[in-house]
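Worksheet: the structure to be examined is printed underneath.
Counting convention: from 1, in listed order, for ligands and their atoms alike. This one's a predicted model, so the numbers in the text were calculated from it and none came from an experiment.
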Amino acid sequence: MCGIISYCGTSDAVPILLDGLSKLEYRGYDSAGISILSENQSPLTIKTTGKVQELRNKVATLAPKHAHCGIGHTRWATHGQVSEINAHPHTSGFVTLIHNGIIENYHEIALKLAEQGKYPVSQTDSEIAAMLISHNYDGDPIKAIKRSCEELEGTYAFCILFADHPSEIYCVRNASPLVAVSTETGSYIASDMTALIEYSKDYFIVPEQHIAKLTKTGIKLLTLEGESKEPQMLHASWDAKSAKKNGYPHFMLKEIHEQPNSLLTTVMPRLKDMNISFLEEQIPDSLFSDFTRIVITACGTAMNAGLVGKVLMEKLLRIPVAVETASEFRYGDPILDERTLVIVISQSGETADTLAALRLAKERGAKTLAIVNVKGSSIARESEYVLYTHAGPEIAVASTKAFTVQMSALYLICGKIGIIRNLFSETFKSSFLQGLLNLPKLVEETLLLEPHIKEITHMLTDVQDSFFIGRGLDYALACEGSLKLKEVSYIHSESYMAGELKHGSIALITDKVPVVAITTNEETFPKMVSNIREVKARGSNIILITDQDISTCADIAEAQIPLPKTDALFTPFTVSIAVQLLSYYASVHRGLDVDQPRNLAKSVTVE
Ligand code: F6R
């Protein structure tokens with residue numbers, strides 16, 4: 001949520017900032033801006049509403065002189081509408097800054113500053129932060145930052161230029177992410193590694209309440225008191241190629257096609273000698289042996305992966321599993337104790353609500369295990385144990401490959417618990433592990449349906465409303481399919497338990513409301529057929545996603561997506577591909593911005 005990048009070095013800062021912003025644009029894209037600083041000059045700020053391309057155009061017309069130090073920002077509006085004045089960077093006195101996060105006590109600070117006749121020109125909390133730092137500034141950047149951090153409440157990652165320190169950039173953070181890279185050509189800092197991977201794979205995460213000082217010759221990590229600290233270096237396991245479209249028209253389609261590989265890299269290393277091993281991640285077997293219940297908490301797509309995990313675990317382990325939306329978790333006063341395993345799921349590892357849920361779980365003494373894609377992210381660092389998914393960077397705002405690897409991680413955890421607690425017969429264990437091994441191939445096979453799905457998605461091009469229905473695991477996938485469709489195609493969509501529709505919502509079904517019916521479970525298939533007939537009788541057109549034989553009821557659907565046959569436990573992986581492609585092509589057919597749907601941002605770092 002908001003992308004930030006800064007550079008100080010021997011190259012021209014402007015193209016570095018603009019290229020970095022293009023790569024970070026998925027974090028927010030309603031306005032963008034840069035400020036550059038040259039020796040003996042005050043910072044030059046160029047900003048505009050719209051996408052980074054608008055900013056590029058504006059920069060090209062103004063053709064600023066080469067500068068070796070600069071900061072850049074792409075915004076997802078929180079305080080104040082989308083306008084040029086609210087776009088970052090913001091300047092107050094000697095201070096020019098960019099900000100990712102939310103200052104919760106900005107109103108109190110604004111009142112305090114107003115008493116001294118200092119008023120903002122924008123409606124943003126970020127400008128108030130710039131004013132506060134400027135107010136606390138007496139020529140010593142570290143002191144001003146320290147004093148300000150003591151007053152600021154909320155989340156922030158700031159990159160700050162001080163006009164009288166022209167070859168330096170000061171960065172500080174609380175909760176919002178900042179990663180740093182240093183090379184022979186200079187020092188770089190950004191919200192995430194997608195903007196920096198082409199410069200180096202070695203990086204460090206700026207610890208909270210620490211200052212990173214960027215100069216041409218390197219980055220100094222300091223405490224708020226100004227004492228030097230050694231950064232903890234990390235190494236990215238992916239490269240610049242992973243963050244490019246590589247010939248695909250959109251990142252979303254590329255990422256859908258990457259799933260066989262991301263499943264392979266997530267599952268394979270954990271399957272050893274007909275067993276599941278988390279030795280590399282140092283997760284002890286004892287973690288899985290003595291809890292009595294599981295709580296899964298996450299947001300959006302990650303939470304939908306949790307819904308799949310619940311059905312699977314309750315069926316195979318007979319342990320109660322609750323799935324809680326992270327944004328509600330804290331306020332529901334959840335029942336947690338040392339006999340509860342809390343599994344938090346997050347692609348970015350930075351989602352503010354999920355992080356807050358994790359902190360609460362720890363506070364209440366529960367054991368915590370995080371499923372995270374971004375290495376070293378806040379959730380990964382704060383959770384007691386981490387099981388990384390290895391999907392590589394996910395750039396499209398709509399999550400696809402992260403979802404299937406999150407599910408695969410839950411399958412691994414479920415398998416691990418079943419094996420440790422001796423709940424599986426030898427035959428079941430080997431078929432379960434075989435099913436996991438088979439996932440990349442299964443997904444590859446499902447991807448062959450793409451031309452067919454592309455064709456039938458025309459049924460959705462002109463509709464305004466839709467339903468996704470299913471039962472059991474298929475209901476969890478209906479939730480994910482419906483979320484995916486609405487976020488990229490702007491077609492209003494509801495997910496419903498198929499049997500529940502007739503208790504009210506069926507009133508909404510007309511011939512203008514297609515229903516996507518997911519039915520992969522043999523046991524519930526006859527009931528699903530009845531539910532489908534109920535909506536069909538009310539005029540709805542049906543898109544049926546199934547691996548069942550429909551020869552006795554071929555008339556129930558206007559279109560069918562015939563999934564490859566697989567073990568009933570693993571159908572979420574085939575259904576995922578079908579609903580992802582359906583949503584993708586609905587967006588393409590409607591001519592929308594697939595990778596950056598309106599109002600959204602990739603990493604939601606505000607509560
Ligand atoms: C939907 C989507 C979101 C995220 C949610 C959580 O396609 O991407 O619903 O799943 O914002 O994000 P993470 O997984 O980063 O915590």
Side-chain angles (χ1 to χ4, degrees), residues 1-3 26-28 76 100 175-177 191-194 250-253 255-256 259 262 296-309 323-329 343-359 370-383 386-389 391-407 409-410 468 476-477 479-490 493 495 576 579-584 586-587 592-607:
M1 199 146 262
C2 295
Y26 70 104
R27 299 180 68 92
W76 187 83
N100 171 27
S176 307
S191 305
D192 65 59
M193 276 301 283
T194 40
H250 300 102
F251 279 111
M252 184 175 175
L253 189 62
E255 288 160 6
I256 289 173
Q259 290 175 103
S262 50
I296 300 177
T297 184
C299 296
T301 285
M303 196 197 67
N304 291 337
L307 293 177
V308 172
V323 180
E324 307 277 357
T325 310
S327 56
E328 287 291 314
F329 191 62
I343 302 177
V344 294
I345 311 174
S346 176
Q347 187 284 128
S348 62
E350 300 294 348
T351 300
D353 286 318
T354 312
L355 184 59
L358 167 68
R359 287 178 178 160
I371 298 172
V372 174
N373 196 42
V374 177
K375 228 171 155 184
S377 53
S378 304
I379 291 174
R381 280 179 292 111
E382 292 198 24
S383 174
V386 193
L387 190 59
Y388 280 114
T389 52
E394 193 179 60
I395 310 286
V397 166
S399 190
T400 53
K401 61 177 178 172
F403 176 68
T404 44
V405 292
Q406 283 161 353
M407 287 197 300
L410 288 164
F468 278 69
L477 268 295
C479 294
E480 176 54 12
S482 171
L483 173 62
K484 209 89 311 171
L485 182 72
K486 67 186 136 206
E487 76 177 310
V488 296
S489 75
Y490 313 153
S493 175
S495 46
S576 301
V579 297
Q580 290 168 1
L581 286 169
L582 202 64
S583 308
Y584 171 75
S587 180
L592 301 173
D593 189 344
V594 180
D595 286 336
Q596 293 174 353
R598 70 182 175 211
N599 304 340
L600 294 176
K602 183 71 181 163
S603 177
V604 187
T605 50
V606 294
E607 283 177 56

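The nearest heavy-atom contact from the protein to atom 15 (O) of ligand 1 is S348 OG, 2.7 Å. The nearest protein atom to atom 6 (C) of ligand 1, hydrogens excluded, is given as C299 O, 3.4 Å; this is a heavy-atom distance. Regarding atom 4 (C) of ligand 1, its nearest protein heavy-atom neighbour is T301 N, 4.0 Å. The protein atom (non-hydrogen) at minimum distance from atom 1 (C) of ligand 1 is E487 OE2, 2.9 Å. For atom 11 (O) of ligand 1, the nearest protein heavy atom (residue, atom name, distance) is V604 CG2, 4.0 Å. Among protein heavy atoms, atom 12 (O) of ligand 1 sits closest to T351 OG1, 3.4 Å. Closest protein heavy atom to atom 8 (O) of ligand 1: S399 CB, 3.2 Å.
Of all atoms in ligand 1, numbered sequentially from 1 with element shown, those under 4.0 Å from a heavy atom of A398 are 7 (O). Near A302, with a cut-off below 4.0 Å to any heavy atom, the atoms of ligand 1 are 10 (O), 14 (O). The distance from ligand 1 to the heavy atoms of Q347 drops below 4.0 Å at these ligand atoms: 13 (P), 14 (O), 15 (O), 16 (O). Listed by number with element, the atoms of ligand 1 under 4.0 angstrom from any heavy atom of G300 are 9 (O).
Looking at N599 and Y490, their side chains never bring a donor and an acceptor atom within 3.5 Å of each other. Side-chain atoms of E350 and S378 include a donor-acceptor pair closer than 3.5 Å. Of the N and O atoms on the side chains of Q259 and Q580, at least one donor lies less than 3.5 Å from an acceptor on the other residue. There is a side-chain donor-acceptor pair under 3.5 Å between N373 and T389. Counting only N and O atoms by type, the side chains of K484 and T301 include a donor and acceptor under 3.5 Å apart.
Under the side-chain contact (heavy atoms from CB on, under 4.5 Å) rule, I345 has a single partner from I296, T297, V323, which is I296.
With sequence neighbours excluded, the residues forming a ring-ring contact (aromatic ring centres under 6.0 Å, His included) with Y584 are H250, listed by chain and number. With sequence neighbours excluded, the residues satisfying side chain to side chain contact (heavy atoms under 4.5 Å, CB included) with S587 are V488, L592, V594.
Atoms CZ and OG, on F403 and S262 in that order, are 12.5 Å from each other to the nearest 0.5 Å.
Under a 4.0 Å N-O distance rule, the pair E382/R359 qualifies as a salt bridge.
Residue S346 has at least one N or O atom closer than 3.5 Å to an N or O atom of ligand 1.
Here K484 has side-chain heavy atoms under 4.0 Å from ligand 1, and that is the only part of it that gets that close. Contacts between E350 and ligand 1 below 4.0 angstrom, taking non-hydrogen atoms only, are absent altogether.
Ligand 1 is approached by V397 to a heavy-atom distance shorter than 4.0 Å.
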